[in-house]
**Q** 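Pasting in a structure now, in structure tokens, and then I'll have a few things to ask.
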Amino acid sequence: MRLKKKILFWLFVQLFLFLVLSWGIYSGFFKKVLLEIEKNWIASTSVEIVKYLEAEKKRVELLTRDWAVWDEAYKFLQGETTAFVKSNLNIESYENNKLSVIVYLYPDGRVKAGGFFDKKTREILPLDHLWLEEHYHYYRSLYKEITLTSVYTALSFYKNVPSIVSFYPVSDSEGIKPPVGILVMVSPLDEEKLDLIKNIFGLSEVSFVYYKGRKVENSIKFDERGFYEVVTTIKDFFGNPLAMSFTAPRKLMFEKYLWEFILIQALFLALIFGIYYFHMMKVLKRIHSVKDEIEQIAQGKKETITLKGEDELVELVAHFNEVYSLLKLQIEEINQAKKIYQMIAERSNLVVAVFDEEKNLIYANSLWKNLMDDKSLSSFLSLMDSKDLEKDESFEFCLKVKNGKEVCFSFEIIPIKEYSLYYLVIGYDVSYFKERVEQLFDIATKDQLTGLYNRVYLKDVIKRIFELVKRGQNYCLLFMDVDYLKEINDQFGHLVGDEYLKAIAEVIKKNTRAEDIAVRWGGDEFLLILRADLEGVKKLAERVLQEVKKIRIKANGKEVVGSVSIGIIKIEPDRELEELLLKVDQALYKAKFEGRGVIKVLS
């Protein structure tokens with residue numbers, strides 16, 4: 001018989017025996033026991049709910065005592081303090097203590113302060129007078145004289161909501177002075193608390209019914225829905241019967257007999273697996289024989305596995321021998337290819353490396369080893385971690401070589417998914433191209449005479465500046481005009497004029513930050529975009545103005561003295577560039593009109 005059929009046959013026999021025996025045990029013994037246990041559980045649940053209500057009544061009574069035996073309350077009922085209501089009888093007190101009524105009474109039953117808290121409107125409303133009068137009279141019927149022991153807590157209804165009502169005499173915190181009033185607290189058994197009871201005891205429904213003198217009998221019924229309906233009688237505030245009813249689903253409580261059942265199951269399963277183990281030993285013996293031969297092959301002591309028979313294990317061994325022969329041949333080919341690839345990598349002008357899945361360096365050619373020290377390798381690996389290595393994206397990495405020069409490489413990372421995951425890293429030197437791009441960028445965006453940016457660059461960055469202004473950052477526009485440049489060019493020549501412009505540009509560079517944008521706008525005009533408010537830009541303009549005045553250029557036995565006029569405006573997010581240029585030009589015009597060499601700010 002085939003190995004698969006043998007295993008399936010014995011598993012089927014064991015499963016069938018297990019099901020038959022389990023069904024017999026359950027039907028003949030456990031079912032009757034479980035039904036009896038279930039009824040006992042329902043009855044005990046009713047008792048536990050009553051205990052829970054008694055504990056809840058005790059909690060409300062203790063809470064009422066804390067508020068009644070209190071010096072502040074005692075003084076309040078005697079009229080010695082007026083801030084008590086605002087500080088204590090507020091919405092937070094009702095919500096935090098989960099109360100619907102807090103009311104302080106004089107000994108004769110008149111309300112001193114407090115009321116009913118309506119959760120829907122979150123308002124404190126006057127107490128139902130008839131309800132209070134009825135409960136107060138019954139309380140006084142129990143205690144003809146109010147003393148420190150005149151305490152009464154019981155179940156009742158307030159606005160058709162079952163509630164725990166507690167009456168407690170108000171005295172000082174030492175409990176020595178005679179009571180001066182009565183504190184009434186009502187804790188509603190609302191939906192939230194009823195849901196808690198249902199969750200604790202595994203019930204479906206819980207309700208309280210006031211029968212008003214009618215006879216109530218305890219009962220447990222099983223309805224057509226499969227639920228137990230239970231009615232339990234308790235006493236209400238007035239000593240009348242109050243019916244607590246609940247429904248609970250069927251729940252087989254067999255914990256009492258659980259270990260006996262587990263023991264029977266364990267013995268039965270031990271018998272089944274004993275039979276199973278006996279029959280599988282023959283199969284396992286052949287499998288262990290194959291395992292031993294595989295270990296000998298791994299140690300180089302054998303070349304093939306030998307096993308006789310006609311089952312699937314013999315076929316598997318034959319396939320293993322065939323695959324092992326092919327694998328040996330492939331390993332030899334891989335080793336040959338590896339030598340060829342390493343030779344190509346060593347003779348290439350590219351940097352080449354291979355990493356495993358954990359980013360460990362497996363191979364690196366000599367160019368890689370010469371360039372990458374430990375610090376550079378750590379930086380490169382951090383950059384690798386930030387990339388999506390599955391997308392084959394190229395990226396740039398720059399590092400300093402031994403002579404201090406910075407070189408940049410463009411790297412490609414190629415995932416290799418064969419037997420496991422590797423990353424082939426190939427990089428080529430792009431330093432020359434990077435320098436050339438930077439040169440072309442400077443030619444395109446910078447003024448050749450002063451080294452400042454030109455109008456082309458300003459048009460590229462102005463949109464970004466406007467976006468930053470819209471986000472709330474302060475930017476100002478400073479427009480500067482070189483005074484008397486035409487006269488200098490006419491009198492001393494354009495070379496002196498160019499030297500004059502370069503000196504002013506150096507002052508601008510010296511007083512601006514890398515994030516500021518300085519532009520040569522025209523022949524004798526400079527435009528600055530500065531990240532600062534008007535006061536900060538005005539201070540910078542003052543420095544520039546004073547340092548420009550220090551410029552001295554000698555020509556033809558005479559001396560050219562520096563002078564500029566400056567206009568300043570704040571960049572507003574809702575303006576166009578043309579509007580800003582027009583406005584700052586107006587500021588510059590006013591500066592020149594007032595005598596040149598001055599600063600004019602337009603708000």
Side-chain angles (χ1 to χ4, degrees), residues 446-455 457-458 461-462 465 469 473-572 580-603:
K446 289 190 176 180
D447 176 55
Q448 299 302 307
L449 176 64
T450 62
L452 302 178
Y453 289 114
N454 57 24
R455 289 194 183 195
Y457 181 77
L458 178 65
V461 300
I462 195 65
I465 298 300
V469 171
Q473 294 194 21
N474 289 320
Y475 275 88
C476 291
L477 196 62
L478 186 151
F479 203 19
M480 182 187 303
D481 185 84
V482 180
D483 296 330
Y484 312 113
L485 179 63
K486 185 177 183 306
E487 290 81 350
I488 293 171
N489 284 334
D490 292 342
Q491 186 176 356
F492 301 107
H494 286 277
L495 291 178
V496 175
D498 289 348
E499 186 178 352
Y500 182 36
L501 288 172
K502 287 193 286 186
I504 292 173
E506 288 301 318
V507 171
I508 293 172
K509 293 176 185 177
K510 179 182 175 183
N511 287 278
T512 53
R513 302 161 298 184
E515 61 195 59
D516 298 327
I517 300 169
V519 177
R520 185 182 179 193
W521 188 251
D524 58 352
E525 295 172 331
F526 296 92
L527 186 69
L528 278 72
I529 299 177
L530 307 167
R531 188 169 69 83
D533 55 18
L534 284 172
E535 287 300 319
V537 174
K538 188 175 179 181
K539 290 178 182 179
L540 181 142
E542 291 285 356
R543 288 200 307 270
V544 170
L545 192 67
Q546 295 304 319
E547 292 193 25
V548 167
K549 289 180 179 180
K550 296 176 183 179
I551 294 175
R552 299 290 187 274
I553 298 175
K554 293 182 180 180
N556 299 336
K558 296 182 179 181
E559 192 173 60
V560 175
V561 180
S563 175
V564 293
S565 299
I566 300 174
I568 302 171
I569 65 166
K570 184 178 180 180
I571 298 178
E572 301 293 343
L580 294 172
L581 292 174
L582 180 60
K583 188 174 179 181
V584 77
D585 190 54
Q586 291 173 356
L588 179 62
Y589 177 78
K590 289 183 178 182
K592 282 184 168 292
F593 182 76
E594 291 181 6
R596 301 189 182 186
V598 296
I599 300 168
K600 192 66 180 178
V601 179
L602 286 184
S603 59

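One is the number of the first residue; the rest follow in order along the sequence.
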**Q** Would you check if the side chain of Asn489 reaches a backbone N or O of Lys486 as a donor-acceptor pair within less than 3.5 Å?
**A** no
**Q** Looking at Tyr589, I want to see if its OH is surrounded by more than 12 non-hydrogen atoms of other residues, nucleotides or ligands under 6.0 Å.
**A** no
**Q** Does Asn454 reach the main-chain N or O of Tyr457 with its side chain, forming a donor-acceptor pair under 3.5 Å?
**A** yes
**Q** From Asp447 CG over to Leu449 CG, what is the distance, rounded to the nearest 0.5 angstrom?
**A** 5.5 Å
**Q** For the pair Asp498 and Lys502, find out whether any cationic side-chain nitrogen is under 4.0 Å from an anionic carboxylate oxygen.
**A** no
**Q** Does the pair Lys554/Glu559 count as a salt bridge with the N-to-O cut at 4.0 Å?
**A** no
**Q** I need the minimum non-hydrogen distance between Phe479 and Phe526, along with the two atoms involved.
**A** CD1-O, 3.3 Å
**Q** Does the side chain of Asp516 come within less than 4.5 Å of Arg513's, by heavy atoms?
**A** yes
**Q** Which heavy atom in Met480 sits nearest to a heavy atom in Ile504, and how many Å separate them?
**A** SD-CG2, 4.3 Å
**Q** Going from CD1 on Ile529 to CG on Leu478, what distance comes out if it is rounded to the nearest 0.5 angstrom?
**A** 10.5 Å
**Q** Can you find a heavy atom in the side chain of Leu534 that is under 4.5 Å from one in the side chain of Cys476?
**A** yes
**Q** If you apply the rule side-chain contact (heavy atoms from CB on, under 4.5 Å), what do you find for Glu542 with Ile599, and how did you get there?
**A** CA-CA 8 Å; Glu542 291 285 356; Ile599 300 168; 3.7 Å; yes
**Q** Quick one: pull up CD1 in Ile571 and CG in Asn474 and give me the separation to the nearest 0.5 Å.
**A** 10.0 Å
**Q** Are the side chains of Asp585 and Leu581 in touch, meaning some heavy atoms are under 4.5 Å apart?
**A** no
**Q** Hey, mind stepping through Glu515 and Arg531 against salt bridge (charged side-chain N to carboxylate O under 4.0 Å, His left out) and telling me if it holds?
**A** CA-CA 8 Å; Glu515 61 195 59; Arg531 188 169 69 83; 2.7 Å; yes
**Q** Can you see which heavy atom on Val561 is nearest to which on Arg552, and at what distance?
**A** CG1-NH1, 3.2 Å
**Q** To check you understand the geometry: which heavy-atom pair defines the closest contact between Leu530 and Val537, and what is its length?
**A** CD1-CG1, 3.7 Å
**Q** Nearest heavy-atom pair of Val519 and Leu458: which atoms, and what distance?
**A** CG2-CB, 4.2 Å
**Q** Would you check, one step at a time, whether the test side-chain contact (heavy atoms from CB on, under 4.5 Å) holds for Leu527 with Arg455?
**A** CA-CA 9 Å; Leu527 186 69; Arg455 289 194 183 195; over 6 Å; no
**Q** Does a side-chain N-to-carboxylate-O contact under 4.0 Å join Lys592 and Asp483?
**A** yes
**Q** Got more than 12 heavy atoms from elsewhere within 6.0 Å of NZ, Lys538?
**A** no
**Q** Got Thr512 and Leu528 here, is their nearest side-chain heavy-atom distance under 4.5 Å?
**A** yes
**Q** So how far is it from Glu535 CD to Ile568 CD1, rounded to the nearest 0.5 Å?
**A** 9.5 Å
**Q** Do Asp481 and Ser565 meet the criterion of a side-chain donor-acceptor pair at a distance under 3.5 Å?
**A** no
**Q** What distance do Glu547 atom CD and Glu506 atom CD have between them, rounded to the nearest 0.5 Å?
**A** 11.5 Å
**Q** Counting C-beta onward and ignoring hydrogens, is there a side-chain heavy-atom pair between Lys558 and Phe492 closer than 4.5 Å?
**A** yes
**Q** Roughly how far apart are Arg596 CZ and Leu588 CG, rounded to 0.5 Å?
**A** 10.0 Å
**Q** Is there a donor-acceptor pair under 3.5 Å between the side chain of Asn511 and the backbone N or O of Val507?
**A** yes
**Q** Under 3.5 Å, side chain of Arg520 to main-chain N/O of Gly523, donor-acceptor pair present?
**A** yes
**Q** Which pair of heavy atoms, one from Val496 and one from Ala555, lies closest together, and at what distance?
**A** CG2-CB, 3.9 Å
